[in-house]
**Q** 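Quick one: the structure is below, questions incoming.
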Amino acid sequence: MLSKKFFDRPTLMAARELLGKFLVREVNSERMEGMITEVEAYVGPNDKASHASRGRTERTKVMFGKPGHWYVYLVYGMHYCVNIVTEKEHYPAAILIRSVDGVTGPGRVSKQFKIDKTCDANASSRKSGLWIEDRGVRVQRIERGKRIGVDYARKWKDKPWRFRAIEWKQR
DNA sequence: ACGATGATGAAC
DNA sequence: TTCATCATCGTA
């Protein structure tokens, strides 16, 4: 299981390395799991694409908290987005999980893994029923691009902070 | 191309 | 208390 230490470092670095890791969900003795194939980084208090750029609020306070905790929120009144908090406490940053195996799109991922508001602010751990594991997959090729759905973010909208696994190998 | 759908944050 | 906005998705 990935420890807090994995997330306590620069977000772009953690984001790239999150590709190929496995998202595991356990709820009502049902277990789901899949390899993370696409992520986006939201970094620091000035990133206008990040919810944290408006400062610390009830919703976003978890982004300012300890690394390795889940930030889950509702978008467009319908879909949940699943993020994992990174970097040191008080520095707001997180990684959005956009695709897992064949499940492409943050809303679809949360639906597939039954992730909702009850997961928000929990630590990534077996106990919380939602965690991440390293199973020895080595990602060999990564595509990098702009983040999706953040056209309002001025100069931050074109930051190439989305990462997608193109090629990988089981060790 | 567009509407669904409701929490959130900021303005009033 | 109101109001615009929104890290999306399914249908057309």
Side-chain angles (χ1 to χ4, degrees), chain A residues 2 6-7 9-23 25 32 34-124 128 130-132 142-166:
Chain A
L2 296 191
F6 181 93
F7 301 101
R9 57 181 167 147
T11 308
L12 297 184
M13 209 176 288
R16 272 181 293 245
E17 291 194 27
L18 201 52
L19 297 175
K21 302 298 186 290
F22 279 71
L23 180 67
R25 174 72 164 141
M32 292 157 278
M35 197 184 81
I36 297 170
T37 52
E38 187 182 14
V39 297
E40 265 175 15
Y42 290 84
V43 188
N46 300 316
D47 177 4
K48 288 289 182 287
S50 171
H51 293 162
S53 68
R54 290 168 184 275
R56 195 181 187 119
T57 67
E58 191 55 32
R59 178 178 60 161
T60 64
K61 65 184 180 190
V62 60
M63 285 189 77
F64 292 77
K66 294 190 176 108
H69 286 241
W70 297 107
Y71 171 44
V72 180
Y73 63 90
L74 186 67
V75 263
Y76 299 107
M78 296 183 174
H79 310 287
Y80 290 100
C81 287
V82 189
N83 304 249
I84 186 116
V85 174
T86 54
E87 313 223 18
K88 296 198 190 319
E89 190 170 9
H90 302 129
Y91 184 84
I95 301 165
L96 170 66
I97 298 178
R98 291 197 65 92
S99 303
V100 174
D101 279 340
V103 186
T104 60
R108 291 174 182 153
V109 168
S110 54
K111 188 179 177 193
Q112 176 73 25
F113 285 81
K114 294 186 164 59
I115 296 166
D116 61 19
K117 199 74 191 169
T118 63
C119 298
D120 183 52
N122 290 346
S124 171
S128 75
L130 184 62
W131 69 96
I132 297 172
I142 295 173
E143 178 192 82
R144 186 176 184 167
K146 295 175 185 177
R147 293 175 293 180
I148 306 291
V150 294
D151 287 350
Y152 56 84
R154 304 150 56 134
K155 71 173 182 182
W156 300 85
K157 78 181 171 69
D158 294 324
K159 297 279 181 194
W161 290 353
R162 180 163 57 97
F163 303 94
R164 194 160 69 92
I166 299 295

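Throughout, protein chains are lettered first and strands after them, A, B, ... in sequence-line order, and every chain is numbered starting at 1. Every heavy atom of this structure was used, including side-chain atoms; hydrogens, water molecules and symmetry mates were not. Only a predicted model underlies this, so the values are computations on that prediction, with no experimental measurement involved.
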**Q** Go through it in stages, so that I can follow the logic: the residues are A:Gln112 and A:Val100, the test is side-chain contact (heavy atoms from CB on, under 4.5 Å), and I'd like the CA-CA distance, side-chain angles, deciding distance and then a yes or no.
**A** CA-CA 10 Å; A:Gln112 176 73 25; A:Val100 174; over 6 Å; no

**Q** Under the side chain to side chain contact (heavy atoms under 4.5 Å, CB included) rule, collect the residues that match up with A:Lys111, sequence neighbours excluded.
**A** none

**Q** Between C:dC6 atom P and A:Lys48 atom NZ, what is the distance in whole Å?
**A** 14 Å

**Q** Can you check side-chain contact (heavy atoms from CB on, under 4.5 Å) on A:Ile97 and A:Trp70, steps first, answer last?
**A** CA-CA 11 Å; A:Ile97 298 178; A:Trp70 297 107; 4.0 Å; yes

**Q** Output all residues satisfying salt bridge (charged side-chain N to carboxylate O under 4.0 Å, His left out) with A:Arg9, sequence neighbours left out; order by chain, then residue number.
**A** A:Glu17

**Q** Could you state the NZ-C1' distance from A:Lys157 to C:dC6, rounded to the nearest angstrom?
**A** 17 Å

**Q** Please set out all donor-acceptor pairs under 3.5 angstrom arising from side-chain atoms of residues 154-162 of chain A, sequence neighbours excluded.
**A**
residue: A:Trp156; atom: NE1; partner: A:Asn46; partner atom: O; Å: 3.3
residue: A:Asp158; atom: OD1; partner: A:Lys146; partner atom: NZ; Å: 3.3
residue: A:Arg162; atom: NE; partner: A:Lys146; partner atom: O; Å: 2.7
residue: A:Arg162; atom: NH1; partner: A:Glu38; partner atom: OE2; Å: 2.9
residue: A:Arg162; atom: NH2; partner: A:Lys146; partner atom: O; Å: 3.4

**Q** Could I get the full list of side chain to side chain contact (heavy atoms under 4.5 Å, CB included) partners for A:Val62, not counting sequence neighbours?
**A** A:His69, A:Tyr71, A:Val85, A:Asp120, A:Ala121

**Q** Could you pull out all residues at least two apart from A:Arg147 that satisfy salt bridge (charged side-chain N to carboxylate O under 4.0 Å, His left out)?
**A** A:Asp47

**Q** How many Å lie between CD1 on A:Ile148 and C1' on C:dC9, as a whole number?
**A** 14 Å

**Q** Which pairs, protein N/O on one side and nucleotides 9-12 of chain B N/O on the other, fall under 3.5 Å?
**A**
residue: B:dG9; atom: OP1; partner: A:Thr57; partner atom: OG1; Å: 2.4
residue: B:dG9; atom: OP1; partner: A:Arg59; partner atom: NE; Å: 3.4

**Q** Rounded to whole angstroms, how far apart are NZ on A:Lys61 and C1' on B:dT8?
**A** 14 Å

**Q** Can you pull out the residues from residues 74-94 of chain A that lie within a 4.0 Å heavy-atom distance of DNA chain B?
**A** A:Leu74, A:Tyr76, A:Gly77, A:Met78

**Q** What protein N or O atoms touch nucleotides 10-12 of chain C N or O atoms at under 3.5 angstrom, if any, and at what distances?
**A**
residue: C:dG10; atom: OP2; partner: A:Arg108; partner atom: NE; Å: 2.8
residue: C:dG10; atom: OP2; partner: A:Arg108; partner atom: NH2; Å: 2.4

**Q** Name all residues meeting the side chain to side chain contact (heavy atoms under 4.5 Å, CB included) criterion together with A:Tyr91; count only those two or more places apart in sequence or in a different chain, and write none if there are none.
**A** A:Val43, A:Pro45, A:Glu87, A:Ala93

**Q** In whole Å, what is the span from the CE atom of A:Met63 to the P atom of C:dA7?
**A** 11 Å

**Q** Tell me: OH of A:Tyr152 to P of C:dA4, nearest whole Å?
**A** 19 Å

**Q** Roughly how many Å is it from CD1 in A:Ile97 to P in C:dT8, rounded to a whole number?
**A** 15 Å

**Q** Under the side chain to side chain contact (heavy atoms under 4.5 Å, CB included) rule, collect the residues that match up with A:Leu74, sequence neighbours excluded.
**A** A:Tyr80

**Q** Can you tell me if A:Lys48 has over 12 outside heavy atoms packed within less than 6.0 Å of its NZ?
**A** yes

**Q** For the residue pair A:Ser50 and A:Ser53, confirm or rule out a side-chain donor-acceptor distance under 3.5 Å.
**A** no

**Q** Under the salt bridge (charged side-chain N to carboxylate O under 4.0 Å, His left out) test, which residues partner A:Glu143, sequence neighbours left out?
**A** A:Arg164

**Q** Could you provide the dot-bracket string of DNA chain C, using ( ) for intrastrand pairs, [ ] for crossing pairs and | for bases paired to another strand, with Watson-Crick or G-U pairs below 3.5 Å?
**A** ||||||.||||.

**Q** A:Asn122 and A:Leu130: side-chain contact (heavy atoms from CB on, under 4.5 Å), yes or no, with the steps?
**A** CA-CA 9 Å; A:Asn122 290 346; A:Leu130 184 62; over 6 Å; no

**Q** Distance check needed: C:dC6 P versus A:His51 NE2, whole Å only.
**A** 9 Å

**Q** Would you please determine if the base of B:dA7 is stacked by A:Tyr73, with stacking meaning a centroid separation under 5.5 angstrom and planes under 30 degrees?
**A** no

**Q** Check whether any side-chain heavy atom of A:Leu18 sits under 4.5 Å from a side-chain heavy atom of A:Phe163, and report yes or no.
**A** no

